[in-house]
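Structure first, commentary second.
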Amino acid sequence: KGCTAIMPNGRWSTIDCTTVLPYACLVDSDQSTAGYGLDWKVDLSVTGEAAMGSTKCPDGTTWAAPHNGYANSILVDLAFAQAVWVNAPNPMQS
């Protein structure tokens, strides 16, 4: 079993949930249906296991996952060639 991360090449991958990575946090004002998922915050100094994601994002943001390719590419750029946890279900888990 594993958790979902975006790798430096932009692809999503299932990796061990105990791996220590930064988190993809979406600014709350961009969470509405009018938002496009483009206002991301990635603090490379705040890292931990996947299960900590919902508590590691700063105030005013929510641990999230991009919903389109453009948002995915923005998140990859902000991660500066590091993998980051995204709040997405692992399709390999039942």
Evaluate K41 against V27 for side chain to side chain contact (heavy atoms under 4.5 Å, CB included), listing each step before the verdict.
CA-CA 7 Å; K41 303 290 181 195; V27 173; 3.7 Å; yes
Would a 4.5 Å heavy-atom cut-off, applied to side chains only, mark Y23 and P58 as touching?
no
Distance, nearest 0.5 Å, that separates CG of L26 from CG of D39:
7.0 Å
Only pairs under 3.5 Å count here: list side-chain donor-acceptor contacts from residues 74-87, not counting sequence neighbours, and write none if there are none.
{"unit_1": "W85", "atom_1": "NE1", "unit_2": "T19", "atom_2": "O", "d": "3.4"}
{"unit_1": "W85", "atom_1": "NE1", "unit_2": "G48", "atom_2": "O", "d": "3.0"}
{"unit_1": "N87", "atom_1": "ND2", "unit_2": "W63", "atom_2": "O", "d": "3.4"}

Kindly say whether M7 contributes a backbone atom to a donor-acceptor pair with the side chain of S13 at under 3.5 angstrom?
no
Would you say the side chain of N72 lies within less than 4.5 Å of the side chain of W12, judging by non-hydrogen atoms?
yes
With rounding to the nearest 0.5 Å, note down the distance linking SG in C3 to CG in D16.
8.0 Å
For the residue pair P22 and V42, what are the closest heavy atoms and their distance?
CB-CG1, 4.2 Å
Kindly compute the distance separating OG1 (T47) from NZ (K56), expressed to the nearest 0.5 Å.
6.5 Å
Show the nearest heavy-atom pair for residues A71 and W40, with the distance to one decimal.
O-NE1, 3.7 Å
